[in-house]
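Each chain gets a letter, A, B and so on, in the order its sequence line appears, and its residues count up from 1. Just so it is clear, the structure is predicted and the values come from calculations on it, not from any experiment.
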Amino acid sequence: MSPRLLALTVAFFAALALLAVPLGRHLARTFEAPLRPWERRVLTLAGVDPDRPHTWRDYALAALAFTLVTHVTTYALLRLQGALPGHATGLRAVPAWLAFNTATSFATNTDWQSYAGESTAGDLAQTVALTSQNFFSAAVGLCVAIALLRGLSRRETDALGNFWLDLVRAHLFVLVPGSAVLAVFLASRGVVQTLDGPAVWRTLDGAVQSVPRGLVASQEAIKMLGTNGGGFYNANSAHPWENPDALTNLAEMLAIFALPAALCVTLGEYVKNRRHGAAVFAAMTLLALAGVCALGHFEHQGNPLLAALGVDVTAGNLEGKELRFGVDASSLFATVTTDASCGAVNAMHDSFMPLGGLVPMLNIQLGEVVFGGVGSGLYGALVYVVLAVFLAGLMVGRTPEYLGRKIDRRDVRLAALYVLVPAFTILVGAAVAVVTDAGRAGVLNTGAATVNAPWGAHPHGLSEVLYAYSSAAGNNGSAFAGLTAFSAARPVFYSLTLGVAMFVGRLPLMVLALALAGSMARKKQTPPGIGSLPVEGPLFVALLVGVIVVVGALTFFPALSLGPIVEHLQLTAAGGAR
Amino acid sequence: MSRPSKSRSLWDPAIVRPALVEAARKLSPRAMARNPVMFVVEVGCVLVTALFLRDLARGTATDVGFHVQLVVWLWFTVYFANFAEAMAEGRGRAQAASLRAMRTSATARRIRRAGDASPLPAGPMEGAGEVVNATALTRGDVVYVRADELVPADGEIVEGVASVDESAITGESAPVVREAGGDRSAVTGGTRVASDWLKIEIAQDPGAGFVDRMIALVEGSERQKTPNEVALTLLLASLTLVFLAATVTLEPFARYFGGTLGVDALVALLVCLIPTTIGGLLSAIGIAGMDRLVQHNVLATSGRAVEAAGDIDVLMLDKTGTITFGNRQAARFSPVAGVDGRRLAAVAALASLPDETPEGRSIVALARTMGIEPALPAGSTFVPFSARTRMSGVDAGDRVLRKGAGDAVLAHVRALGGPVPDDLAALVDEVASVGGTPLVVSEGRELLGVVFLKDTVKPGMRERFERLRAMGIRTVMITGDNPRTAKAIADEAGVDDHLAEATPEAKLAYIHRMQEGGRLVAMTGDGTNDAPALARADVGVAMNTGTQAAKEAGNMVDLDSDPTKLIEVVEIGKQLLMTRGALTTFSVANDVAKYFSILPAMFTGLAAFQTVRGDAHTSRFWALNVMGLTSPQSAILSAVIFNALVIVALIPLALRGVSYRPLGAGALLRRNLFVYGLGGVAAPFVAIKLLDLVVGALHLA
């Protein structure tokens with residue numbers, strides 16, 4: 001690790017820890033606060049009985065209904081863009097499959113963009129449809145995580161709180177104030193925030209250039225804080241109007257991890273065991289550090305092919321990177337954005353070295369549990385905790401228990417399904433894509449055509465496809481951008497399959513997490529003793545890290561071998577040969 | 001613990017030989033379907049075999065030697081797993097055979113059929129009734145058993161007193177007295193009446209006795225998966241599905257590069273990755289756990305109870321006979337002021353003369369050492385001890401002699417209008433404060449003094465409780481003693497808590513309170529008044545010497561009637577879970593080495609990554625051959641051979657269980673993670689490398 005990256009990383013995690021503790025406690029207070037009179041009035045007005053706590057089924061139905069309604073609304077706004085006011089000139093209805101893919105993408109907190117933001121969506125779509133969806137999807141994730149925390153802290157009850165009340169609070173006391181502060185900060189550093197339409201210049205050679213503008217700072221703030229990642233601009237956080245300088249870059253990275261990290265603290269508050277929250281935080285931090293170290297290392301290596309040509313590669317691999325950020329800030333950003341299911345990028349992941357690119361891909365494939373998305377990161381991580389505790393619990397000779405709750409077959413089934421579903425989606429999705437013409441057509445990086453593979457296969461092409469399905473099922477949204485997922489000639493294949501992957505990676509998992517919450521809440525609680533497995537301290541951290549890595553690595557190592565790993569072997573062999 | 005043929009050699013040919021045959025029989029898909037992991041392996045075996053035979057028939061088979069070996073070793077994987085299960089069942093069956101020996105196939109003399117309410121004549125009934133086969137007896141039948149005959153089935157004595165030789169079950173050679181009424185009225189089928197005669201009401205239907213149920217459990221025929229086993233099976237099935245996806249999708253990826261990996265390699269990879277080690281040994285571990293329990297002379301009604309034993313948080317032990325020797329001995333007579341010590345001794349001895357309890361006899365013996373020879377006047381009647389009055393004594397003419405618990409005798413005297421001597425309370429307290437039991441003696445309305453009954457804590461109890469504490473289990477002593485006595489004994493024995501003046505209701509309430517707090521409670525008991533608590537407890541171990549009611553209420557019976565046996569039962573339960581967890585971890589950890597062995601090997605065949613077409617060794621992937629294996633074929637074969645042999649290698653561990661030491665959970669986890677986690681990663685690297693050397697040396701691939 002370079003000294004600069006080390007300094008940046010240490011500063012980043014120190015700031016994160018300082019931010020996470022108060023924010024995490026704020027979350028616990030916010031969601032457990034007694035019902036306020038105005039909240040009662042608002043909910044009653046909306047036809048919700050605030051005194052009726054939801055069972056896990058009620059909670060799941062409400063969350064699903066809300067997600068689907070916002071999904072349909074977003075789709076409609078994108079399709080009707082041409083007929084509605086408030087869009088820049090020349091923007092017409094978003095094509096049907098692209099609109100489906102985009103609406104799904106934003107409803108599932110994925111924010112995969114098969115389009116260039118500034119040239120596809122006008123002000124109305126960007127703000128009303130996409131920005132509000134950024135809030136909605138993050139809030140739903142937060143609510144589900146809070147419901148799971150209630151399941152882990154209550155006993156012998158069915159009540160997991162009221163989804164609608166949680167939803168209101170998630171917006172009013174967390175997401176809206178948080179992103180307002182961040183937006184003001186970003187705007188103060190030069191991120192644009194205007195409804196004045198595009199900026200128009202006459203360039204030096206006399207041409208007229210028009211650069212779209214809009215409510216960027218406000219969208220940028222929730223894009224980070226809500227781990228959404230869908231940029232106003234196609235270049236995302238590499239664009240100077242989204243991410244102008246080192247400070248905004250640091251602030252944006254902190255905003256990505258802020259809520260997922262804070263939720264670890266909230267976990268400690270809810271289960272009245274702060275050291276357990278700290279242990280989960282530590283496990284996530286270790287995994288994130290490992291990613292930064294590996295990514296920084298490989299990117300600093302530079303490309304051996306260029307080195308063989310006599311090019312000075314001491315600055316590392318700079319292809320696809322903003323020179324404002326360089327290798328170090330790009331490596332940290334790429335790790336953070338893929339650990340969390342954000343997907344905002346300030347460098348092109350497709351241009352990373354093969355093993356450098358493997359890091360963000362594996363980060364996603366681990367299940368988006370290294371801090372992960374807002375809410376979804378914590379509930380995913382807690383599923384891994386249940387699996388880890390199950391295995392370890394057997395090894396200490398007791399029926400495995402988590403926080404004094406005995407883990408039975410139902411919990412194991414839910415946890416196993418939670419891990420199975422995205423793994424299947426990623427592997428099967430990628431497998432289908434590479435054996436169909438429609439799937440192969442989107443691949444940018446091809447090799448020499450052979451008799452058996454006339455399309456010209458290249459490991460990097462496989463990586464692009466694998467990354468796309470990982471990103472979709474993991475609700476990340478970043479891409480190996482060489483892949484053309486939507487074109488007028490082939491609008492259906494990727495829009496549909498990636499859209500399905502996003503749905504599958506979001507809604508069923510949410511329901512499984514809530515079912516787990518329901519199961520945990522119903523259980524009796526055994527007070528901890530020396531015979532029960534400790535869920536704090538270095539041993540537990542090592543166990544959790546081990547289970548996450550082993551499950552993720554064992555699942556994806558074979559596929560990754562044919563992608564980034566063999567590409568690396570080819571590259572080093574070729575570089576060495578010259 | 002003196003029953004013969006306990007420790008059986010692991011590879012006893014008498015068990016191994018039938019197991020070898022049984023393992024082949026278990027290859028039937030219907031038997032395999034119970035075990036999802038091994039079922040997948042068998043499906044893979046069938047697939048690979050069928051394709052190989054097809055190629056042979058068409059004459060398109062290449063590398064015949066390699067493929068034959070691959071097919072054979074894949075089948076061996078399934079076979080070895082079946083062998084492990086058959087071994088465990090065989091050992092269980094051998095165990096069952098010795099259990100079965102105690103069931104008699106002899107005949108019994110039935111003197112009344114079930115449902116017949118006609119009264120039985122009292123006294124011996126030589127030659128009465130009908131002779132029936134013991135297996136034809138049903139619940140409610142009454143049989144007549146005389147000296148040198150076997151008790152035909154479990155039952156309750158309705159009349160008679162006899163000494164019974166229970167060595168067939170307990171291994172204890174000295175006969176014990178069994179009599180109607182009270183807590184010694186139960187007899188077990190297979191025991192022998194040594195003297196006198198008994199009328200026994202049969203308490204079970206044929207084949208439903210404790211022994212029958214246990215036989216079914218150890219033989220595996222009626223074994224149901226325990227909750228933890230079901231959960232683990234689910235986890236293993238899910239892992240299998242994940243690896244199925246990881247393996248099957250490799251073929252499309254390979255096709256993308258214009259190549260194919262072939263069914264053989266994919267099946268080999270799949271079989272090596274899915275958790276076959278634990279999948280193959282899982283049922284053997286469960287059966288072996290039951291088997292170990294029987295070796296400790298404990299019969300359980302279900303595997304579930306054994307597992308629950310591993311989870312116990314609170315252990316409730318009767319003081320008398322468990323923590324202390326139980327035969328409390330009279331050590332001193334302490335008269336109240338104004339009463340002669342010899343008078344106290346004489347009255348106490350007289351009141352105890354018909355009392356056959358050890359305490360009663362010790363009072364008489366102590367009086368004799370003082371030269372007092374008590375003689376019961378004619379016409380006197382014995383008032384036996386009851387849990388309600390809590391005192392006993394003798395009514396000899398107009399003399400009313402009583403001895404018993406302080407408050408009970410006090411109440412008795414007060415009821416007669418007698419005074420309470422001032423110094424009595426001090427005497428009682430003095431005895432109680434040193435852990436003795438004060439027995440207050442009265443004659444008529446006069447209180448005479450206190451007999452000091454000394455209670456001795458068994459040696460080694462403190463260490464056992466410390467061992468339990470280290471396992472995270474709290475011990476609670478239950479006693480009918482007053483709080484002071486209870487506390488003194490509790491302190492001496494080193495228990496965590498005690499329940500004094502315990503009535504059946506108080507015990508039940510205590511268990512209920514513990515369970516409300518989420519704790520799992522185990523208790524031992526023998527009396528009928530223990531039955532509700534035994535039934536309520538999560539693990540109830542009844543003593544074999546106890547009443548039928550107690551035995552039916554509990555979920556285990558200790559044939560040795562050793563209440564501290566619970567400690568071993570808990571350890572067996574823990575060992576069972578630990579063995580499963582350890583082997584699962586080991587199984588999954590093994591995958592790392594298998595990846596590095598098989599993956600590079602199978603990808604070397606892809607032309608897209610070969611620098612020299614058709615030469616596997618020039619594949620870019622061969623750089624991942626970190627173990628330096630001889631050839632791709634040898635790498636695949638070595639991994640498959642390792643995967644099959646490791647099952648056999650771990651059979652002893654599965655049958656014996658991983659060693660358990662009473663450590664805290666953290667220390668246990670650290671140790672097992674190190675041994676089975678890290679060891680599981682490292683061991684196959686070494687083993688596969690060695691196998692590769694052997695395969696290479698023998699030119700097998």
Part of A/Pro454 lying under 4.5 Å from any heavy atom of chain B: neither

Closest non-hydrogen atom pair, B/Tyr595 against A/Thr555: OH-N, 4.4 Å

Approximate separation, where rounding is to 0.5 Å, of B/Met602 CE and A/Ser561 OG: 10.0 Å

Which of A/Thr526, A/Val428, A/Leu554 touches chain B most, by non-hydrogen pairs under 4.5 Å: A/Leu554

Name of the residue among B/Asp313, B/Asp311, B/Asn228 meeting side chain to side chain donor-acceptor pair (under 3.5 Å) with A/Arg398: B/Asp313

Contacting moiety of A/Leu539, where chain B heavy atoms sit under 4.5 Å: side chain

Any B/Leu624 side-chain heavy atom under 4.5 Å of A/Ile565 side chain: yes

Heavy-atom proximity to chain A below 4.5 Å, by part of B/Ala608: backbone

Any side-chain heavy-atom pair of B/Phe609 and A/Leu569 under 4.5 Å: no

Interface residue of largest heavy-atom contact number with chain A, from B/Ser238, B/Ala237, B/Ala623, under 4.5 Å: B/Ser238

Chain A contact via B/Val658 - side chain, backbone, both or neither, heavy atoms under 4.5 Å: neither

Which atoms of A/Ala415 approach chain B - backbone, side chain, both or neither, heavy atom under 4.5 Å: neither

Choice from A/Val451, A/Asp408, A/Leu391, A/Leu462 maximising heavy atom contacts with chain B below 4.5 Å: A/Leu462

Contacting region of B/Arg469 [heavy-atom separation from chain A under 4.5 Å]: backbone

Nearest heavy atoms of B/Tyr256 and A/Ala453, plus distance in Å: O-CB, 3.6 Å

Pairwise distance CD(A/Glu156) to CD(B/Glu516) - rounded to 0.5 angstrom: 6.5 Å

Residues of residues 382-390 of chain A near chain B, each having a heavy atom less than 4.5 Å away: A/Leu387, A/Phe390

Side-chain heavy-atom pair B/Thr585, A/Met395 within 4.5 angstrom cut-off: yes

Neighbours of chain B found in residues 438-450 of chain A - heavy atoms under 4.5 Å: A/Arg440, A/Val443

Proximity breakdown for B/Leu244 and chain A, heavy-atom pairs closer than 4.5 Å: neither

Contacting region of A/Val434 [heavy-atom separation from chain B under 4.5 Å]: both

For the student: nearest non-hydrogen atoms of A/Ser532 and B/Ala665, plus distance: O-CB, 3.3 Å

Leading residue by heavy atom contact count with chain A [cutoff under 4.5 Å; candidates B/Val592, B/Asp591, B/Leu232]: B/Leu232

Most contacts with chain A, counted as non-hydrogen pairs under 4.5 angstrom, among B/Gly258, B/Ala254, B/Ala308: B/Gly258

Distance-minimising heavy-atom pair for A/Ala392 and B/Leu669: CB-CD1, 3.6 Å

Parallel, tilted or perpendicular, as decided by the 30° and 60° cut-offs, for the rings of A/Phe557 and B/Phe596: tilted

Heavy-atom side-chain contact between A/Leu543 and B/Arg670 under 4.5 Å: no

Structural part of A/Val396 lying under 4.5 Å from a heavy atom of chain B: both

Interchain contact, A/Ile426 with chain B, by part (heavy-atom threshold 4.5 Å): neither

Residue B/Arg304 excluded, over 12 heavy atoms near CZ under 6.0 Å: no

B/Phe257 portion near chain A, given a 4.5 angstrom heavy-atom threshold: both

A/Lys523, part contacting chain B, at a heavy-atom distance under 4.5 Å: neither

A/Val435 vs B/Phe253, side-chain contact (heavy atoms from CB on, under 4.5 Å): CA-CA, chis, key distance, verdict: CA-CA 8 Å; A/Val435 293; B/Phe253 294 149; over 6 Å; no

When B/Thr584, B/Ile312, B/Leu241 are compared by non-hydrogen pairs under 4.5 Å with chain A, the top option: B/Leu241

Stepwise side-chain contact (heavy atoms from CB on, under 4.5 Å) test for A/Arg409 and B/Leu235: CA-CA 9 Å; A/Arg409 69 175 96 171; B/Leu235 185 70; over 6 Å; no

Beyond-backbone contact of A/Pro558 with B/Leu599, side-chain heavy atoms, under 4.5 angstrom: yes

Interatomic spacing from NZ in B/Lys574 to CG in A/Leu394 - rounded to 0.5 Å: 11.5 Å

Nearest atoms (heavy-atom pairs only) where B/Thr249 meets A/Leu427: CG2-O, 3.5 Å

Under 3.5 Å: donor-acceptor pair, side chain of A/Asn452, backbone of B/Gly259: no

Residue, of A/Ala559, A/Gly546, A/Ala430, A/Pro527, that accumulates the most heavy atom pairs under 4.5 Å with chain B: A/Pro527

Side chain / backbone / both / neither for A/Gln570 at chain B, heavy atoms under 4.5 Å: both

Atom of B/Gln515, atom of A/Lys524 and distance for their closest heavy-atom approach: O-NZ, 3.7 Å

